[in-house]
Amino acid sequence: SHKSSKREWKPLEDHSCTDVPWLLLFILFCIGMGFICGFSIATGAAARLLSGYDSYGNICGQKNVKVEGIVNSGLDLTHKKYVFFLDPCNIDLVHQKIKSIALCVSACPRKELKTLADIQKFAETNGSTLCSYELQPSEYTTDPRAAKLCPKYPVPESAPIPFFHRCAPVNISCYAKFAEALITFVSDSSVLHRLISGVMTSKEIIMGLCLLSLVLSMILMVIIRYISRVLVCILTILVILGSLGGTGVLWWLYAKQRMSAGALETQIAKDNLQALLIYAIAATVFTVILFLIMLIMRKRVALTIALFHVAGKVFIHLPLLVFQPFWTFFVLILFWAYWITVLLFLGTTGKHPVPNEEGFVEFRMAGPLKYMWWYHVVGLIWISEFILACQQMTVAGAVVTYYFTREKRNLPFTPILGSVNRLVCYHLGTVAKGSFIITLVKIPRMILMYIHTQLKGKENACARCMLKACICCLWCLEKCLTYLNQNAYTATAINSTNFCTSAKDAFVILVENALRVAAINTVGDFMLFLGKVLIVCSTGLAGIMLLNYQRDYTIWVLPLIIVCLFAFLVAHCFLSIYEMVVDVLFLCFAIDTKYNDGSPGREFYMDKVLMEFVENSKKAIKEAGRGGGAEGRELKPMVGADEE
């Protein structure tokens with residue numbers, strides 16, 4: 001077994017391409033995404049989206065071709081560059097469109113027009129006719145059709161949306177329907193106005209506080225290794241006090257009721273007393289179990305602290321790791337912007353203008369092309385997951401290089417660039433496969449969530465409960481797979497094996513160290529959560545102190561919420577990288593202790609802090625071995641590595 005195991009883990013010795021077929025599949029998929037974009041532009045969707053079109057199928061700002069059976073189509077609208085909606089506030093939330101006649105006009109009404117006479121005057125002075133094409137400006141006040149073909153007055157003051165040539169009302173309260181949840185809040189537009197002005201007047205403070213949260217996150221990354229012991233102590237004390245306090249209160253209540261129950265021998269009093277007794281006993285059992293778990297886990301907490309310490313050192317050696325979330329975020333934003341643009345194109349794609357029931361033109365996709373947007377949605381999930389997986393692979397590669405380089409002085413100049421280079425040259429297929437597996441779980445979950453929202457209030461509670469359970473199971477599966485993927489990428493970075501082999505190898509190691517994995521994930525995650533809370537609280541406190549000076553003339557609830565949300569997001573980005581590094585280090589450590597034992601020729605790669613931990617464990621094993629304890633047997637597969 002020993003020979004085969006030596007062949008299995010050869011850190012960083014040879015690099016080979018992994019999962020090439022998956023890379024080809026991913027490239028084909030991306031070409032398909034590009035084809036959708038090209039197709040929607042070719043069918044005139046881009047022109048329709050950017051220049052806008054009226055209800056009769058004419059694109060504003062150009063000459064148009066006549067559509068059979070549609071009045072007012074095929075007009076020359078070269079000078080009418082803006083789309084104007086007769087009733088811009090009539091929004092259909094179900095079909096996501098404005099239920100109003102749209103016309104092309106040469107200028108948006110820059111001030112409110114209260115009557116038809118005002119509309120007529122505006123048409124005569126500015127040459128911009130806001131009523132339908134068949135009415136002349138002179139007929140606005142006399143023709144009976146004007147009620148239907150002219151805008152609903154008062155016409156709100158409008159301004160063109162930059163790049164999109166649509167006239168949009170300047171006062172936002174018109175769109176209050178969009179935020180249905182906020183409707184009661186926003187319908188009083190003075191509150192909205194005060195909130196927005198509050199954000200505008202304190203924008204310097206908001207920017208400053210956002211910067212502060214960034215700086216605090218970076219500082220925390222450096223010092224968390226020194227305060228990890230303190231954090232564990234805080235966590236332990238909180239848990240002990242909480243469980244003891246809860247149990248104590250229940251027993252005290254029981255005793256008190258017991259004393260006073262002598263006089264009241266009613267059935268209700270007896271039931272209450274019995275219930276309290278049951279609760280108190282349950283709480284006691286829970287507390288005892290919790291203490292036992294903490295007793296078993298205390299050795300493993302030492303490993304968590306050691307790993308946090310080493311993770312801190314990793315960030316000092318590889319400072320560029322800190323900026324990893326920024327690149328990922330930047331690339332994701334670019335991709336999402338592209339995706340939304342193409343989605344908007346798809347909304348206006350279609351060769352054939354079709355008259356709808358009101359006699360206006362709609363553009364619809366014909367035949368199988370209707371399903372293009374499904375492909376587009378799958379693309380959103382797969383490519384986003386791919387980008388996130390690339391980040392995981394890059395971090396894993398860099399940390400593996402750090403761990404398995406014996407002399408830290410000999411580290412390459414930038415292990416991160418080396419890691420990116422290896423990813424691009426050898427492992428893109430593995431990343432594509434890993435992200436595809438997550439996509440396969442995510443899509444059914446999203447479909448179920450969509451069904452769940454559609455069925456609100458229509459079906460029985462049982463069906464709703466079943467759906468919730470399915471969604472929950474899929475969510476758990478997704479989380480487990482994400483964790484396994486992360487470890488599979490680490491195994492790929494160490495060994496250059498393909499995705500399935502890596503996942504299997506990593507899984508075996510994780511199962512062998514199940515208790516340690518549990519300790520690192522519970523204690524470690526809680527420490528990082530405390531870190532996030534610390535950053536959000538510090539930023540919020542600074543915010544309250546600063547905004548307090550401005551309280552006379554602004555509402556500072558909204559600025560504070562914005563700042564705290566931003567602080568949480570920043571802290572989450574940074575500390576998720578920290579969590580990734582700890583996970584990668586743990587897998588490296590597990591492999592190191594499994595295949596090396598410190599003897600000549602098989603020296604450990606690990607850091608001094610981890611070496612101390614291993615030495616202490618060995619001492620514990622010897623002592624437990626003398627006492628014939630179970631602890632010794634339990635630690636053996638990990639540290640006494642290669643007896644087998």
Does any non-hydrogen side-chain atom of [Y] lie less than 4.5 Å from one of [X]?
X: E385; Y: K442; result: yes
X: L320; Y: F323; result: yes
X: K313; Y: Y402; result: yes
X: V614; Y: F589; result: yes
X: I305; Y: V609; result: no
X: M393; Y: L428; result: no
X: P21; Y: L25; result: no
X: C210; Y: I206; result: yes

Pair [X]-[Y], side-chain donor/acceptor within less than 3.5 Å:
X: T394; Y: W327; value: no
X: D607; Y: Y403; value: no
X: Q391; Y: T328; value: yes
X: S502; Y: T497; value: yes
X: T430; Y: W22; value: no
X: H427; Y: T18; value: yes
X: N485; Y: T482; value: no
X: D525; Y: N521; value: no
X: R422; Y: T401; value: yes

More than 12 heavy atoms from other groups under 6.0 Å of [atom1] on [X]:
X: M466; atom1: CE; answer: no
X: F335; atom1: CZ; answer: yes
X: F286; atom1: CZ; answer: no

Using every non-hydrogen atom in the two residues, find where [X] and [Y] come nearest and quote the distance to one decimal.
X: T341; Y: A337; result: OG1-O, 2.6 Å
X: V431; Y: A389; result: CG1-CB, 3.4 Å
X: Y489; Y: G434; result: OH-CA, 3.4 Å
X: F604; Y: T593; result: CE2-CA, 4.0 Å
X: G531; Y: L575; result: C-CD1, 4.1 Å
X: M33; Y: L380; result: CE-N, 4.5 Å

What's the separation between atom [atom1] in [X] and atom [atom2] in [Y], rounded to the nearest 0.5 Å?
X: I36; Y: W339; atom1: CD1; atom2: CH2; result: 10.5 Å
X: L216; Y: I223; atom1: CG; atom2: CD1; result: 9.0 Å
X: L334; Y: I387; atom1: CG; atom2: CD1; result: 9.0 Å
X: E512; Y: K594; atom1: CD; atom2: NZ; result: 3.5 Å
X: C500; Y: D19; atom1: SG; atom2: CG; result: 7.0 Å
X: C588; Y: L307; atom1: SG; atom2: CG; result: 10.0 Å

Does V570 form a side chain to side chain contact (heavy atoms under 4.5 Å, CB included) with I535? I'd like the steps, not just the answer. CA-CA 9 Å; V570 167; I535 288 172; over 6 Å; no
Walk me through whether N513 and F586 qualify under side chain to side chain contact (heavy atoms under 4.5 Å, CB included). CA-CA 10 Å; N513 303 294; F586 173 70; 3.8 Å; yes
Please step through side chain to side chain contact (heavy atoms under 4.5 Å, CB included) for the pair C573 and I577, ending with a clear verdict.
CA-CA 7 Å; C573 279; I577 286 281; over 6 Å; no
Go through it in stages, so that I can follow the logic: the residues are N487 and T490, the test is side chain to side chain donor-acceptor pair (under 3.5 Å), and I'd like the CA-CA distance, side-chain angles, deciding distance and then a yes or no. CA-CA 5 Å; N487 285 293; T490 308; 4.9 Å; no
Using 30° and 60° as the class boundaries, would you call the ring planes of H15 and Y426 parallel, tilted or perpendicular?
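If you compare the ring of H15 with that of Y426, the planes turn out parallel.
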Kindly assign one of parallel, tilted or perpendicular to the pair H572 and F568, based on the angle between their ring planes and the thresholds 30° and 60°.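 Ring orientation, 0 to 90° scale: parallel.
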request  = Take I383 and C30, measure what side chain to side chain contact (heavy atoms under 4.5 Å, CB included) needs, and give me the verdict at the end.
outcome  = CA-CA 9 Å; I383 295 175; C30 291; 4.2 Å; yes
Donor-acceptor contact present, side-chain R406 to main-chain M606, <3.5 Å: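 Pair absent, no side-chain N/O of R406 close to backbone of M606.
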S419 side chain to P415 backbone, donor-acceptor under 3.5 Å: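 Here the side-chain-to-backbone pair does not exist.
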**Prompt:** Is the Y375 to F29 ring centre distance short of 6.0 Å?
**Reply:**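 Ring centroids of Y375 and F29 are less than 6.0 Å from each other.
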Problem set entry | Sub-6.0 Å ring centroid separation between Y578 and F315 |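 For Y578 and F315, the ring centres are under 6.0 Å apart.
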